[in-house]
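A short worksheet on the structure shown next.
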Amino acid sequence: MVWQFASRYFRAKKSTNAINIIAWVSVAAIAIGTGALIVILSVFNGFEGLVKSLYSSFYPAIKIVPASGKTLLLTPAQLQAIGHTPGVAAYSEVVEEKAVLRYGDEPTIAVLKGVDSSYNRVADVKGNIVRGRFDIGDEVAYRAVLGLELEGALGVDVEHSLVPVTVYVPRRNVNAFVTPEDALNNGVLYPAGTFAIQQEFNSKYVITHINFLRSLLDLKPNEMSALELAAMPGVNQNELKGRLQRILGASYKVQTRYEQNQSLYAIMQTEKWAVYVILSFIMIIAAFNMIGSLYMLVIEKEKDITILKAMGARKSLIMRIFLTEGLIIAGIGTLLGFVLGGGFCLIQQYFGIIRLEGTSFLVDTYPVSMHLADFVLVLITILVIGLAASWYPARRAAGEAISLKAT
């Protein structure tokens, strides 16, 4: 009964055309706001997915680091236990250290990352090579894979240059020295390739053989900065972290990919929710049209309300009718907004009509990714706003004392 009355009131022609106009203006405002919410949230999802894919090319699914200090020691038995842990697909030993690189006259500070032969099973730097090849060399000749910006800063031509890059790193356990050279170990790397992932990595990282860094830093054969792991598809990283932490104990710190980049992911989520809140406030402002429309409808239907009350209708029934009327307006606007927003996102996905300015981006158009959770969130938001906007007119309709003589 409630639905029948509410839908009839919405569809029926009013005595004053302004009521119909305001009702459809309310629907249009909700539809535009809903569509905007879907588009904005989908664009944030697209950028978040793009950033995660870029970082997952460099950062592992799981990383084991020392709880204190710069290096850790893992025995063959511990490595075997880690490798047999359910959910672990592969692991790679890693040594990282800041170094001074010299190619020609100008020195450049970079981060050397020494990796073993299993590294390409853990990260996808090899899939992001833009010049040369991924080759870290061996004991005969150690090679280097440089970030794109770092290659430019050094002035190296990885495809044609035969001149090595000289590397200087601090010597361990040196407290006194006569000349600065006495405090440094040095070696040479032959450029082999260039990777392009993200500017943060491209501008500072050099990937080389782990034995080269162990030799320069005087590390033990089983000593490393971190152990990087790849997880099997579908494995929950937090559960895998728990298994590994139980195996290793408190002397080691196990980090998921989210924890390795916690500040970045937190910023992305904060920005997304901030935009959602701002657009929700805009929707609340748009809901004032609905309040005006329903209030005028209450005045329009005074006679009907009087008749219903004379027939024994309770205040709660009258209130539910006008609350349902508000939900109909909000529901129609939401469905239209879903069509508008979803249609725009599909067009952007397949045709890329909105392009990014400049030429330095990894993608040419704004990335979008629609998530069902966003549609559910927007639907709940609009329905709550619709109910709140309908409450005062519905309460006014239910509580107003109207006599038959007055009608």
Roughly how far, to the nearest 0.5 Å, is the CD1 atom of Ile82 from the CG atom of Leu79?
5.5 Å
So, is the end of the Lys126 side chain (NZ or CZ) under 6.0 Å from the ring centre of Phe195 and within 45° of the ring's axis?
no
Near Arg121 CZ, under 6.0 Å, is it more than 12 heavy atoms from other residues, nucleotides or ligands?
no
What heavy-atom pair brings Ala110 and Val206 nearest, and what distance separates the two atoms?
CB-CG2, 4.3 Å
Which atom pair, heavy atoms only, marks the closest approach of Pro221 to Glu93?
O-OE1, 4.4 Å
Would Phe375 and Phe338 count as a close aromatic pair, with their ring centres under 6.0 Å?
yes
Regarding Tyr276 and Thr381, do their side chains bring together a donor and an acceptor under 3.5 Å, going by distance alone?
yes
Val130 versus Asn128: any side-chain heavy-atom pair under 4.5 Å?
no
When rounded to the nearest 0.5 Å, the distance separating CG of Asp374 from CD1 of Ile40 is 12.0 Å
Would you say that Leu74 contacts Leu227 through its side chain, given a criterion of any heavy-atom pair below 4.5 Å between the two side chains?
yes
If only side-chain N and O atoms count, and only distance matters, is there a donor-acceptor pair under 3.5 Å linking Glu48 with Gln269?
yes
Strictly under 6.0 Å, is that where the ring centroids of Phe201 and Tyr59 end up?
yes
Donor on one side chain, acceptor on other, Thr108 and Tyr103, under 3.5 Å
no
Evaluate Glu97 against Lys70 for salt bridge (charged side-chain N to carboxylate O under 4.0 Å, His left out), listing each step before the verdict.
CA-CA 9 Å; Glu97 184 61 62; Lys70 293 183 64 176; 3.1 Å; yes
Do other residues, nucleotides or ligands put more than 12 heavy atoms under 6.0 Å from Ile247 CD1?
yes
Residue pair Gln348 / Ile354, side-chain heavy-atom distance below 4.5 Å:
yes
Hey, is Lys241 close enough to Glu259 for a salt bridge, meaning N to O under 4.0 Å?
yes
Less than 4.5 Å apart, any side-chain heavy atom of Met370 and any of Leu346?
yes
How far apart are the closest heavy atoms of Glu151 and Asp157, and which atoms are they?
OE2-CA, 4.2 Å
Does any non-hydrogen side-chain atom of Asn185 lie less than 4.5 Å from one of Asp218?
yes
Do other residues, nucleotides or ligands put more than 12 heavy atoms under 6.0 Å from the CD atom of Gln245?
yes
Report the C-alpha separation of Arg214 and Asp116 in whole Å, then their side-chain angles, then the decisive distance to 0.1 Å, and conclude whether the salt bridge (charged side-chain N to carboxylate O under 4.0 Å, His left out) test is met.
CA-CA 11 Å; Arg214 278 177 173 157; Asp116 59 20; over 6 Å; no
Non-hydrogen atoms of Pro191 and Pro164 that approach each other most closely:
CD-CA, 4.3 Å
Which pair of heavy atoms, one from His209 and one from Asp138, lies closest together, and at what distance?
CD2-CA, 4.3 Å
Say whether Thr71 and Glu223, considering side chains only, have a donor N or O and an acceptor N or O under 3.5 Å apart.
yes
Is there a side-chain contact (heavy atoms from CB on, under 4.5 Å) between Val254 and Leu248? Walk through the geometry before answering.
CA-CA 9 Å; Val254 183; Leu248 295 170; 4.2 Å; yes
Closest approach of Gly386 and Ala330, non-hydrogen atoms and distance?
CA-CB, 4.2 Å
Between the side chains of Tyr119 and Glu228, is a donor N or O closer than 3.5 angstrom to an acceptor N or O?
no
